[in-house]
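Remember, it's a predicted structure, so these values are computed and weren't measured experimentally.
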Amino acid sequence: MGALKNLAWLIRRQLVSLTGVGLMLGALFFAAALTPTLVPRSYLTQGALAGACFAIGYLAGNLWRWLWHYLELPEPSPRLRSQANALVAAGCLIVVVIYLWRAAEWQNSIRAVMEMAPVETAHPFKVCAIALVTFMVLLVLGRLFATVARFLAARIRRVIPRKVANVIGVVVAGLLFWSIASNVLIRTAFNALDSSFRELDVLLEPERPQPTDPGRTGSPASLVKWQELGRMGRRFIASGPTATEISAVTGRPAQAPVRVYVGLAAQDTAQARAKLALEELKRQHGFDRKILIVITPTGTGWIDPSAMDTVEYLHHGDVASVAMQYSYLNSPLSLLFQPEYGAEAARALFAEIYGYWTSLPKDKRPKLYLHGLSLGAMNSEKSAELFETIGDPIAGALWSGPPFESRIWRSVTANRNPGSPAWLPEFRDSRFVRFMNQNGPTVPPDAPWGPMRVVYLQYASDAITFFAYRDAFQAPAWMSAPRGPDVSPELRWYPIVTMLQLALDMAVATNTPMGFGHVYAPEHYVDAWVAVTDIRDWSADALARLKEQLAAKARKTGAGNADDDPDRGG
């Protein structure tokens, strides 16, 4: 009981000591955080976001107040300041109440464009409670930082001028906190997560028994052992459609697709794994197929079944695909801690496959394509250097949900044709690269292509694609009219807050229905693969039926479900 009283006294003391300017900006940031962005939020994520925004607004207010004092500008009398603070506080309270009242309406504006059932309430009391806890945690950390900085400055002030000592104290405190966070907390968490993901990766799932067909990767005859494929590799090999399943859907004779995968446990280096992948692909006669696809998976090694199943159905199984794992971590963690691993692995695999492919007679080798989703798309972009392939170019690439850091995607989007929207650009004469979303491309399907076909499949509601750090101080181009079909008309830009909202959207981008956010639907992959691989032997009616069947199958089996697949493209 005494501990609870002490805790309540401490919280009350902290709250009483808050500044008026900080509370004003904090309240405005809190209110702005309740407005919609790209992905619907739960009360838990909304409360954490609102609390963090309140803390940042409060910090901004305190910095403004400190700057005012530092510049020795005239200040109002205590009485006038007290009256002004009371009026501002009342106004901010009214704004917060109005925004909380409208929060459910705003969330439903996102759910409506994503064809989700509306919510009756945004749980304002739960949001406020979670926001308060978040703010208090951040406030305590902030005041601890200030205490350490003042302590250091006081010691340094004995030998150097006061203002210089203050600056050094802040810098040293910042380095100290960063060192503790990165070398102790983050590194410990990283090691724990890496160990956890590694153990998960080696678990053999009883529902996916080792294949007995000698022509499949992981079989007793394979160069890659079943346990060396990793969890996602075994899933990729076991989940592909058979020749019988393809024929049942297409009504035509089909072959069993060739799928090759090499896990991290197979060899020690990326180059060794790439050589093993090539030999396994040759063993399965993958270079005798019509289509050959070099896949760069996401962080844990996951490959989107919606992407690969569709191209195998479209080409009646006459497809070979090859991929290899480069990390045990999911994509965000892999990008944060091992940013070079994915690019190195993608480069090594492409170099091996492309080197052998170019040695084959041009009239007898398959068409070579690249594919990647999310982090896989970004690393796949890096795998093929233009000047190395210009003499003997590949046939094209399909990159879906490219992250905002993707170099080629960013360049093409920035240099799009005037008048084309940032969320679905048109680039020059569209002979080299085209963009698609739920409604297909803006370019007519019969528009002529060049020798290489690159298609970006992206949804306007995918924050992983459209996040940018400059959103903190500049409204993004994709917010301008006309907006994407899956973006809320109620979305507005707010300095700093919008960037934080989109950062949260990235973290939950895979929690949307299929066909929105970062969850790419098979029916949209159909349109993309038709364009990339130049399919002409399917009628419009047959394609429509295929889309319906694949979409129904994906939704029934939960393909790409976040619970079954914790890395789902992220």
Side-chain angles (χ1 to χ4, degrees), residues 2-33 46-73 75 78 81-82 84-86 88-89 92-93 96 127-158 160 162-186 188-189 472 495-497 499-500 503-504:
L4 290 176
K5 287 184 177 179
N6 290 334
L7 179 61
W9 175 83
L10 179 62
I11 293 175
R12 185 168 60 252
R13 181 180 177 185
Q14 293 291 326
L15 291 176
V16 168
S17 65
L18 299 179
T19 63
V21 178
L23 287 174
M24 178 187 71
L25 285 182
L28 294 177
F29 274 47
F30 175 94
Q46 180 64 83
L49 173 66
C53 287
F54 189 99
I56 292 173
Y58 181 78
L59 173 63
N62 275 1
L63 289 176
W64 171 261
R65 184 170 175 266
W66 171 85
L67 181 62
W68 188 278
H69 284 295
Y70 183 81
L71 296 176
E72 298 180 351
L73 295 174
E75 296 189 19
R81 185 168 60 246
S82 176
N85 284 344
V88 169
C92 289
L93 180 61
V96 167
V127 167
C128 289
I130 295 169
L132 178 60
V133 171
T134 304
F135 171 68
M136 290 302 300
V137 170
L138 295 176
L139 178 66
V140 169
L141 289 175
R143 291 189 169 176
L144 177 62
F145 175 86
T147 300
V148 172
R150 283 195 297 267
F151 174 82
L152 294 172
R155 296 297 182 275
I156 300 171
R157 201 179 300 149
R158 297 172 180 175
I160 60 176
R162 178 176 60 85
K163 292 187 177 182
V164 177
N166 290 340
V167 172
I168 294 176
V170 171
V171 171
V172 173
L175 292 175
L176 178 63
F177 271 64
W178 174 256
S179 177
I180 293 174
S182 60
N183 295 328
V184 179
L185 301 179
I186 295 178
T188 300
I496 301 177
V497 174
M499 186 195 72
L500 296 174
L504 176 62

> Residues two or more places apart in sequence or in another chain: which of them pass side chain to side chain donor-acceptor pair (under 3.5 Å) with R157?
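R157 satisfies side chain to side chain donor-acceptor pair (under 3.5 Å) with N166 only.
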> How long is the straight-line distance from CE of M136 back to CG of L141, given to the nearest 0.5 Å?
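It is 11.0 Å, given to the nearest 0.5 Å.
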> To the nearest 0.5 angstrom, please state how far the CG atom of L139 sits from the CG atom of L132.
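Between L139 CG and L132 CG, I get 10.0 Å after rounding to 0.5 Å.
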> Can you tell me how far apart CE (M24) and OH (Y58) are? Round to the nearest 0.5 Å.
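These two atoms lie 12.5 Å from each other.
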> Quick one: list whatever passes side chain to side chain contact (heavy atoms under 4.5 Å, CB included) with L500, sequence neighbours left out.
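For L500, the residues satisfying side chain to side chain contact (heavy atoms under 4.5 Å, CB included) (neighbours in sequence not counted) are L49, C53, I56, I496.
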> If you take all heavy atoms of A55 and L138, which pair is closest and at what distance?
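Smallest heavy-atom distance, with atoms named: CB-CD1, 3.7 Å.
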> Please name the pair of heavy atoms, one in F29 and one in F54, separated by the smallest distance, quoted to 0.1 Å.
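That would be CB-N, 4.4 Å.
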> Closer than 3.5 angstrom, by distance alone: can the side chain of Q46 be matched with the main-chain N or O of A33 as a donor-acceptor pair?
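Confirmed, Q46 side chain pairs with A33 backbone.
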> Using the side chain to side chain contact (heavy atoms under 4.5 Å, CB included) criterion, which residues pair with I168? Sequence neighbours excluded.
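I168 satisfies side chain to side chain contact (heavy atoms under 4.5 Å, CB included) with I156, I160, V164, V172 only.
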> With sequence neighbours left out, what residues match A173 under side chain to side chain contact (heavy atoms under 4.5 Å, CB included)?
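A173 satisfies side chain to side chain contact (heavy atoms under 4.5 Å, CB included) with F145, V148, A149, L152 only.
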> Closest approach of A165 and A153, non-hydrogen atoms and distance?
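Smallest interatomic distance, heavy atoms only, reads O-CB, 3.6 Å.
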